[in-house]
Structures are given as structure tokens and as C-alpha cells.
S.K.: 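Starting off with a structure, shown below.
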Amino acid sequence: MAQLSDDCFAFSGPLLPVDELERIIHERIVPVADVETVRLAQARGRTLARDIEAPIALPPFDNSAVDGYAVRHADLNAQSDTVVTIAERITAGRASALPLARGTAIRIFTGAPMPDGADTVYMQEDVQLDGDTAILPPGLALGANRRLTGEDVQAGSVALPAGRRLSVADVALAAALGLTELPVRRRIRVALFSTGDELAEPGEALSRAQLYDANRTLLSGLIEALGADVTDLGILRDDPANLAPALKRAAGGHDVVLTSGGVSTGEADYVRDAVEAVGRLVFWRVAIKPGRPVAMGVIPSGRPDASAAFVGLPGNPAAAFVTFVRVVRPLLMRLCGANPPVLLALPVRAGFAYRKKEGRREYVRVALRRADDGVIEALRHRQEGAGVITSLTETDGLVELAENVTTVERGSTVGFLPYASLVG
């Protein structure tokens, strides 16, 4: 279980900037301590628990980068062709039994070890053959087409740092180093539920006052994409007698309890009252749009020094998505000990004009297109309401507008965050 103080989410300011939010999470949240060892086939998407030092160098020996002819650079004429005798043929997986003699060349293939004495490789298409001799043109640099021992990874160096969320390339590197398993943080466990008598499960008959619950499907997919385990608690009805015990049970086996909608700062609210009955709840007035106050809390698990974080997101799908990637994503990554990647907004041309308030960060849902002049252009979705779920399905990502920006002119350059960078 996570180890959280009951005031870890405390914030006294009127508005919580996104950068301050991330600082609070980084400084006050401690990663889970549990570490497990997994086979490489199960390592992708997991967070590395400790530095991995390379047990061997990569490559482990000098080798040829091309199919060609290995030579001694000192044997080459600087101004005219050099004629050498082809002494041997080496393929990948074989090593030369003898050092390269002066005035000779060895036919070599990509990946084959460089013979002792050879330091340069001619590409085969640059060489003319005449029987058992090779005619080498002048001008090739010393060391050309040769891969040196350890030029990729030095033996004993940190090949994979702790906190790395392992990609397929990271796992491939581990395999290249001869490793078969890796130490990783255990998966974060998230309990997910929706609340409200107005919600129905997809497939059920709807009454006139009901909506199908879409946010649970959305949030479950986002959680799983971050490598966490999800427990779907379904829809919890507006029953004060059952809500608090359900939250307490969920906290007992999870690191995070997550919901959307139904947690407000206004009149009496069942979920808010239930959280406050078993733990502590604060409201973050996060300075973003779409979004609104995000409920953050801590629910004791019943075990010593162990608690679950509670997060209540807005109920509108677009607002739930944005607050998830800007609030829950950093929280989950911190809990699993991952180093969150820096979100780099890509420069694109605005195909729209826009006005916003100073002091809050806004995320505009946009689709990309290539304009007639060849420039990539961002087009704002025709409906910007936070409840319009097609504004997520018909767009490619978000244009991020900083707190100090108040105006976007058509044709200006804006920063674009593709959904792939926000979800994975």
C-alpha cells in the first residue's frame, strides 16, 4: 500500500497552477516500496526499480559495420589505388584465426569481428576485384565502417536507470546485454467507480433521466495504458449507508481510489460526505480548462502507515480526460517510481482564433491537417463543450495554451500535444 500523510494534498492558494500541482505530487508522494523481478517478456511498461549496470560492452568486440574488405589503413596509398591480396573470408559469428598481414585484405561481412591488425573497412561496392586481389581507391578515412567495442554501451556503465518506464527498446537493450529478467516496482492498484442514480451500465435499458456510464470505460483504459492494475467497482448508488464502507474497503486493497462526477463543492454530496467520514478530502481548484475543482483526499487502509489516495475528477468526459492526464497521470507515475517524461508540445500552425483568461492553462481539442502550402495546421473541434465526447474521438490531441497567453491569432504558432504522448 501507498504511504501517504493525511495532509499530503493540502494547498491553501486560490488557484493551483499545473506546475505547482506537479511539484506537490513529486515532493509529497513517496513511491511504493515493493519490488518484484519479472521476465523480459513481462517487463514492457513496468518501472525499473534500480539502475541496471551493463555486464558486458556493446558491441562486445570490434566488428564490421558493412559487407566489404577489412584492411590496415597504414597500407593504403594516399593518392592512388592500392592493390592487396584477399587472404581470408570472415562471416558473422566467425573470428579470424590469424592477424591481418601487411599488404592483404580480408573479405568481411556485417557484424563479423575485426581481425587483429585491421582498423578500416571498405564497402564492397567501392572495391574492384581482379582474381584474388582487391583494388582499393584512395581517400577512405582511418576507422571507416568499423564499430568499436563499447561504442554503444560501456561495460559497467548504467545502461538503464532506475525510474525508467520500460519501452520495447529498453527491453531489447536488456536482452542485448544478456539479461533475462529485470527488477521493477509492483504495479499500482487503482479502484475505479462511478456514482449516481442517473447512471446506467451500457447495455441496460435507460430511463428518461439516465445516461450510460462512459467515463469508467475511458478512465479504465487510461489507467491500464500507464501500466497500473484496475479494479472496476461498478456504479455505486447514492446510498449514504453503503458509500463510506465501500470506499473504506476499496482503500484497503488499493493505492488509489478514483471516480468522476458527483464530488462537488456545492450542496450536500454523498461521495464527499462518505470520503470525509472515513478520511480527509480537499478540493484543488486547478487552473486549467476544461476542468473544475478536483477532489483530492486520503483514505486510511486500516493497516499501519498505509493509505489510499482518493481522486474525484469532473464528470464531463473531456474535462475528465484533461484532468486525468494532468493530475492522475503524474500521481500514478510518482507512486510507481517512474520519472515522468517531459511533455514537449510540438509547434504547429493555428487554424483558428481563440481568446482565453489569463492565469489558467487551457487545452484546446484539435485535429491536424496539412494545409495547401504544406504546413501542418491545427483545427479546433466544432464543439468545445466539456461534455462533448466526440471532441475526443474526432481530434488528434490538445493545443496547450500557457497561463500568460490570452489571445491566439489564426496563423500563429501553437504547441500541440498528441494524445499518444498524454496517454502512454
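By convention here, the first residue in the shown sequence is residue 1. What's counted below: heavy atoms across the whole structure, side chains too, no hydrogens, waters or symmetry copies.
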S.K.: With side chain to side chain contact (heavy atoms under 4.5 Å, CB included) as the test, would you mind laying out the steps for M123 and N145 before giving the verdict?
M.R.: CA-CA 8 Å; M123 297 178 67; N145 303 313; 3.7 Å; yes
S.K.: Does a donor on one side chain and an acceptor on the other come within less than 3.5 Å for Y354 and E362?
M.R.: yes
S.K.: Would V322 and V327 count as a side chain to side chain contact (heavy atoms under 4.5 Å, CB included) here? Give the steps.
M.R.: CA-CA 8 Å; V322 170; V327 179; over 6 Å; no
S.K.: Less than 3.5 Å apart, any donor N or O on the side chain of R185 or T47 sitting next to an acceptor on the other?
M.R.: no
S.K.: Does a salt bridge link R46 with E36, judged by any charged N lying under 4.0 Å from a carboxylate O?
M.R.: yes
S.K.: Within a 6.0 Å radius of atom CZ on R23, are there more than 12 heavy atoms belonging to other residues, nucleotides or ligands?
M.R.: yes
S.K.: Any salt bridge between E384 and R380, counting N to O under 4.0 Å?
M.R.: yes
S.K.: Has R107 got its NZ or CZ under 6.0 Å from the middle of the six-membered ring of F109, at an angle within 45 degrees of the ring axis?
M.R.: yes
S.K.: Side-chain contact, heavy-atom cut-off 4.5 Å: L258 with I223?
M.R.: yes
S.K.: Can you find a heavy atom in the side chain of V366 that is under 4.5 Å from one in the side chain of D396?
M.R.: no
S.K.: Could you check whether any side-chain heavy atom of L211 comes within less than 4.5 Å of a side-chain heavy atom of L206, counting everything from C-beta outward?
M.R.: no
S.K.: Under a 4.0 Å N-O cut-off, is there an ion pair linking R147 with D62?
M.R.: no
S.K.: Any donor-acceptor pair under 3.5 Å linking the side chain of N63 with the backbone of M114?
M.R.: no
S.K.: Should the heavy atoms of other residues, nucleotides or ligands under 6.0 Å from CD of E276 be counted, would the total exceed 12?
M.R.: yes
S.K.: Show, in sequence, the C-alpha distance, side-chain angles and deciding distance for D119 and R72, and conclude whether the salt bridge (charged side-chain N to carboxylate O under 4.0 Å, His left out) test is met.
M.R.: CA-CA 6 Å; D119 54 21; R72 293 161 49 96; over 6 Å; no
S.K.: Which residue, L192, V190, V230, D232, forms the side chain to side chain contact (heavy atoms under 4.5 Å, CB included) with L219?
M.R.: L192
S.K.: Salt-bridged, E201 to R216, with N to O below 4.0 Å?
M.R.: yes
S.K.: Between OG1 of T323 and CZ of R326, what distance do you get to the nearest 0.5 Å?
M.R.: 11.5 Å
S.K.: Using a strict 4.0 Å threshold on nitrogen-to-oxygen distance, state whether D229 and R186 make a salt bridge.
M.R.: no
S.K.: ring-ring contact (aromatic ring centres under 6.0 Å, His included) with Y419: which residues, sequence neighbours excluded?
M.R.: F321
S.K.: Mind checking the CG-OH spacing from L422 to Y363? Nearest 0.5 Å is all I need.
M.R.: 8.5 Å
S.K.: Using a strict threshold of under 4.0 Å (side-chain N to carboxylate O), is an ion pair present between D373 and R349?
M.R.: yes
S.K.: Can you find a heavy atom in the side chain of V127 that is under 4.5 Å from one in the side chain of Q124?
M.R.: no
S.K.: Would the distance check show the side chain of D34 and the main-chain N or O of R187 forming a donor-acceptor pair, the cut-off being under 3.5 Å?
M.R.: no
